[in-house]
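If you're wondering where the values come from, they're calculated on a predicted model, not measured in any experiment. Here is how names work: the chains are called A, B, and so on, in the same order as the sequence lines, proteins then strands, and each is numbered from 1.
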2 protein chains.
Amino acid sequence: MKTEKISELTTNRLSVYLRCLNELSEEGAKTVSSGKLAKRFHLNSAQIRKDLACFGEFGVRGVGYYIDDLREQITKILGLDKDHRVGIIGAGRLGMALTDYYGLTQSNFEVVALFDADKKKIGSTIGGVEVFDFKKVKQVIKKEKIDVAVIAVPAEYAQKVLEEVSKAGIKAVMNFAPTPLQASSDVKVKSIDLTISLESLSYFLAQP
Amino acid sequence: MKTEKISELTTNRLSVYLRCLNELSEEGAKTVSSGKLAKRFHLNSAQIRKDLACFGEFGVRGVGYYIDDLREQITKILGLDKDHRVGIIGAGRLGMALTDYYGLTQSNFEVVALFDADKKKIGSTIGGVEVFDFKKVKQVIKKEKIDVAVIAVPAEYAQKVLEEVSKAGIKAVMNFAPTPLQASSDVKVKSIDLTISLESLSYFLAQP
DNA sequence: ACCTGTGAAATCGTTCACAGCA
DNA sequence: TGCTGTGAACGATTTCACAGGT
């Protein structure tokens, strides 16, 4: 068991392992070895063992891992045994699509509020979720106990939005605006930049 | 000038540099040093120089880089001097949102077709883009000269979709389905996995 | 025989520090 | 003096390889 800082690469992979285990569990398997997991899901077995070893000794030598037990452990490690309440800032197409996306997915993330500055949108509901005035973001976050914010506004407003939700006590933010954001160190920002991804594909296509 | 393989991290940063240069250019600046760029956009100056050095010697000692010249160079390197035609598979909320997103963004990526298996959707248009029967994906890709595919279908269909578009000659794929995909080595797949990102935020929130 | 957990080695990426040019 | 381009140092991550447990 490592006590060092856990890399984000490791936590990302934990998500992947959990998915793999869910699949195996549905097939009725009881145990699995890191080698089998690696082969089937195209991972590296040493890496699986190392990642898991950061959090404890979950395996049994000669046997492997008990699937349901390991699922439970990873669920706890990732904090997926607790529900999260999500607020999406920006009720444009992307915000709406994300609202629906998480509405459909059965997960422990629930979208409970949308925010926008556009008077025409405020008060309407999308997939059962109300659109609030962004000016009221702080009070709604408190009232609805929102703990995850999703930024789906144009790039030029993103930093301002981040500052407002931070002031309201949000510690976890997912950013879709194509711009880097400055956050204080106790706020975690994950950025998903579609432009960078597309341009990276373009680079690949441009190679001779 | 390096002749080694270029890391994806480098090409991703090239996108970022290009954005920064566009911003500076709009402000009327003519030249910029790696140090200035680094300070202003919170990057590392040595890394900027190293990244650029992979592709040539674009700078002038004692001066820095000529902004418009460097913009042109990076544009060429990333293949952004050529237009790309995008087909989105899956005309659900996400596919629709992405269609609009790229429709609004003025870029060299144009969404020219949507695909779905749902008879009710086939034939309709979203933001001026027609929804085609997925069975016709190969012929539409050829006819419309589509070179980038976006997978926005449920996870269980994603691998099948990838195989079909690969057969149609697509070499660049952006995948939004929360599942890893197997592609032949001449096809570039970029996956954006919202579930992994959210679960990683959940891990952060779960830390004491 | 099989499999975990883990040091050691290899690989990959970032940052430093400076020679050399304008 | 100011700045680039780059070898060298450093740090992070992945993979190997094997001791040790079942």
Look at all strands and tell whether [X] reaches a base, only sugar-phosphate, or nothing, counting heavy atoms closer than 4.0 Å.
| X | result |
| --- | --- |
| S34(A) | sugar-phosphate |
| S45(A) | nothing |
| L52(B) | nothing |

Polar pairs (N or O, both sides) under 3.5 Å between protein and nucleotides 19-21 of chain C?
from, atom 1, to, atom 2, distance (Å)
dG20(C), N2, R61(B), NH1, 3.4
dG20(C), N3, R61(B), NH1, 3.3

Where at least one partner belongs to residues 176-199 of chain A, residue pairs that pass salt bridge (charged side-chain N to carboxylate O under 4.0 Å, His left out), sequence neighbours excluded: E8(A)-K188(A), E8(A)-K190(A), K171(A)-D186(A), D193(A)-R19(B)
Using the test side-chain contact (heavy atoms from CB on, under 4.5 Å), find all partners of [X] that sit at least two apart in sequence or belong to another chain.
| X | result |
| --- | --- |
| K135(A) | K119(A), D133(A) |
| K142(A) | none |
| A117(B) | none |
| E27(A) | E23(A), L24(A), R40(A) |

If you check the [X] side chain, which of [options] turns out closest?
| X | options | value |
| --- | --- | --- |
| A46(B) | dT6(D), dC3(C), dT6(C) | dT6(D) |
| K50(B) | dG13(C), dA8(D), dT15(D) | dA8(D) |
| V60(A) | dT15(C), dT22(D), dT14(D) | dT22(D) |

Within this structure, what is the [atom1]-to-[atom2] distance between [X] and [N], rounded to whole angstrom?
| X | N | atom1 | atom2 | result |
| --- | --- | --- | --- | --- |
| N12(B) | dT14(C) | CG | C1' | 15 Å |
| L37(B) | dC3(D) | CG | P | 12 Å |
| Y66(B) | dT4(D) | OH | C1' | 13 Å |
| F58(A) | dT6(C) | CZ | C1' | 16 Å |
| F55(B) | dG5(D) | CZ | P | 14 Å |

So does [X] get a side-chain nitrogen or oxygen closer than 4.0 Å to the phosphate oxygens (OP1/OP2) of [N]?
| X | N | result |
| --- | --- | --- |
| R49(A) | dT15(D) | no |
| N44(A) | dT15(D) | yes |
| Y65(A) | dC2(C) | no |

Out of E163(B), E156(B), E164(B), which residue meets the salt bridge (Lys or Arg N to Asp or Glu O under 4.0 Å) rule with K160(B)? E164(B)
Going by atom types alone, do H42(A) and Q182(B) pair a side-chain donor with an acceptor below 3.5 Å? yes
If each of E8(A) and V63(A) is mapped to the nucleotide of DNA chain D with the nearest heavy atom, which maps nearer the 5' terminus, i.e. the 5' end? E8(A)
